[in-house]
Amino acid sequence: MKMGTKVKRQYASPVRQAQARTTRAALLAAATRLFVRQGYAVTTVDQIADEARVARATVFTSVGGKAALLKAAYDVAIVGDDAPVALVERGRSKEILGEADPGKMLADYAAISTEICSRLAPLHVVLRAASSADPETRALWELLQRQRRMGADNLLRPILQKRRLKKGLDPMAAADLIWTLNDPGLYHTLVIECGWPVERFQAWLAETLQTQLLAPRQRSAD
């Protein structure tokens with residue numbers, strides 16, 4: 001390198017970063033509204049751009065195509081924000097998995113699962129419907145199903161370590177039950193379609209998890 005040659009430095013303006021985050025959030029909110037209102041198949045990138053009041057090119061530079069928008073919107077609905085931190089790595093999840101009493105752990109899990117489903121259920125139904133006709137969304141659906149199953153395994157692990165699993169229930173079947181009960185489609189059916197109050201759903205989910213997974217003497221916890 002010649003003496004005196006200036007090195008070009010990367011500089012990201014905090015203002016530009018904030019604008020980029022605002023644009024991305026607007027696009028994900030717009031995509032979510034349109035996907036839920038009219039379905040994935042008929043929603044176009046142009047419609048999403050118009051809804052978010054940005055140029056069509058901005059959709060691709062900020063997030064990507066339709067499948068990328070659906071995946072990003074789904075991820076935000078799971079955790080409640082756009083920070084790049086997985087659900088299992090967040091403080092509340094760690095507190096739940098570290099809870100000594102399995103009954104309380106499952107009650108706390110039911111609470112956070114209900115909160116997540118309240119944000120996620122409409123998009124979950126959209127993705128499930130789209131996955132039957134579109135290979136790209138099918139791959140996304142299968143990925144998210146696998147991730148949800150991993151979440152069920154994570155919840156089951158401390159119960160197994162404490163030897164608190166209900167007698168006669170094998171671990172595979174226990175994970176199957178958790179995976180079934182934490183399905184946002186179940187929340188959609190009972191709360192959105194059947195009209196259950198959210199509080200009733202949460203209480204039912206906690207009691208069902210405790211009853212199905214734990215021996216009677218271990219179901220104490222509020």
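Worth knowing before you read on, the calculation uses all heavy atoms, side chains too, and leaves out hydrogens, waters and symmetry mates. Quick caveat, the model's predicted, so the values are computed rather than measured.
- The closest donor-acceptor contact from the side chain of Ser113 to the backbone of Tyr109 lies at 3.5 Å or more, if one exists at all.
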Could you go through Arg92 and Asp108, starting from their C-alpha distance and side-chain angles, then the distance that decides it, and tell me whether this counts as salt bridge (Lys or Arg N to Asp or Glu O under 4.0 Å)? CA-CA 9 Å; Arg92 192 172 173 192; Asp108 291 345; over 6 Å; no
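- Atom-to-atom distance recorded for Thr180:OG1 and Gln212:CD is 10.5 Å, nearest 0.5 angstrom.
- For Arg119, the side chain to side chain donor-acceptor pair (under 3.5 Å) criterion is met by no residue, not counting sequence neighbours.
- With Arg90 contributing its side chain and Val85 its backbone, the two residues share a donor-acceptor pair below 3.5 Å.
- In this structure, Lys162 has no salt bridge (Lys or Arg N to Asp or Glu O under 4.0 Å) partners at least two apart in sequence or on a different chain.
- Separation of atoms OG1 (Thr208) and CD1 (Ile178) is listed at 12.5 Å; rounding is to 0.5 Å.
- Each of Thr44, Asp50, Asp46 was checked for a side chain to side chain donor-acceptor pair (under 3.5 Å) with Arg56, and the lone residue meeting it is Asp46.
- A salt bridge links Asp75 with Lys71: the closest approach of a Lys/Arg side-chain nitrogen to an acidic carboxylate oxygen falls below 4.0 angstrom.
- For the atom pair CG of Leu155 and CG of Leu213, the computed distance is 7.5 Å after rounding to the nearest 0.5 Å.
- The pair Lys66-Glu136 does not count as a salt bridge, with every side-chain nitrogen at least 4.0 angstrom from each carboxylate oxygen.
- A 4.5 Å side-chain heavy-atom check between Leu156 and Leu165 finds at least one atom pair inside the cut-off.
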The test is side-chain contact (heavy atoms from CB on, under 4.5 Å); show your working for Thr43 and Ile48 and say whether it passes. CA-CA 8 Å; Thr43 298; Ile48 294 169; 3.8 Å; yes
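- Between the side chains of Gln202 and Glu115, no donor-acceptor pair of N or O atoms lies under 3.5 Å.
- A donor-acceptor pair under 3.5 Å is absent between the side-chain atoms of Glu89 and the main chain of Ala86, judged by distance alone.
- Electrostatic pairing of Asp153 and Arg148 does not count as a salt bridge here, judged by no charged N lying under 4.0 Å from a carboxylate O.
- Between the side chain of Ser131 and the backbone N or O of Arg128 there is at least one donor-acceptor pair closer than 3.5 Å.
- Interatomic distance, Arg21 CZ to Thr23 OG1, rounded to the nearest 0.5 Å: 11.0 Å.
- The backbone N or O of Glu199 lies less than 3.5 Å from no partner atom in the side chain of Trp204, so there is not a single donor-acceptor pair.
- No donor-acceptor contact under 3.5 angstrom links the side chains of Tyr187 and Asn182, judged on distance only.
- Residue Leu209 holds its CG atom at 9.0 Å from CG of Leu177, rounded to the nearest 0.5 Å.
- At a cut-off of 3.5 Å, with distance as the only test, a side-chain donor of His124 or Asp183 sits close to an acceptor on the other residue.
- The aromatic rings of Tyr40 and Phe35 are tilted relative to each other, their planes meeting at an angle between 30° and 60°.
- No option in Asp82, Thr32, Leu120, Leu123 other than Asp82 meets the side chain to side chain contact (heavy atoms under 4.5 Å, CB included) test with Val76.
- Annotation: the span from Leu106 atom CG to Ile159 atom CD1 amounts to 4.5 Å, rounded to 0.5 Å.
- Using modelled atom types, one finds no donor on one side chain facing an acceptor on the other under 3.5 Å when comparing Gln19 with Arg16.
- Counting only distance, with no hydrogens or angles, the side chain of Gln210 and the backbone of Gly103 share a donor-acceptor pair below 3.5 Å.
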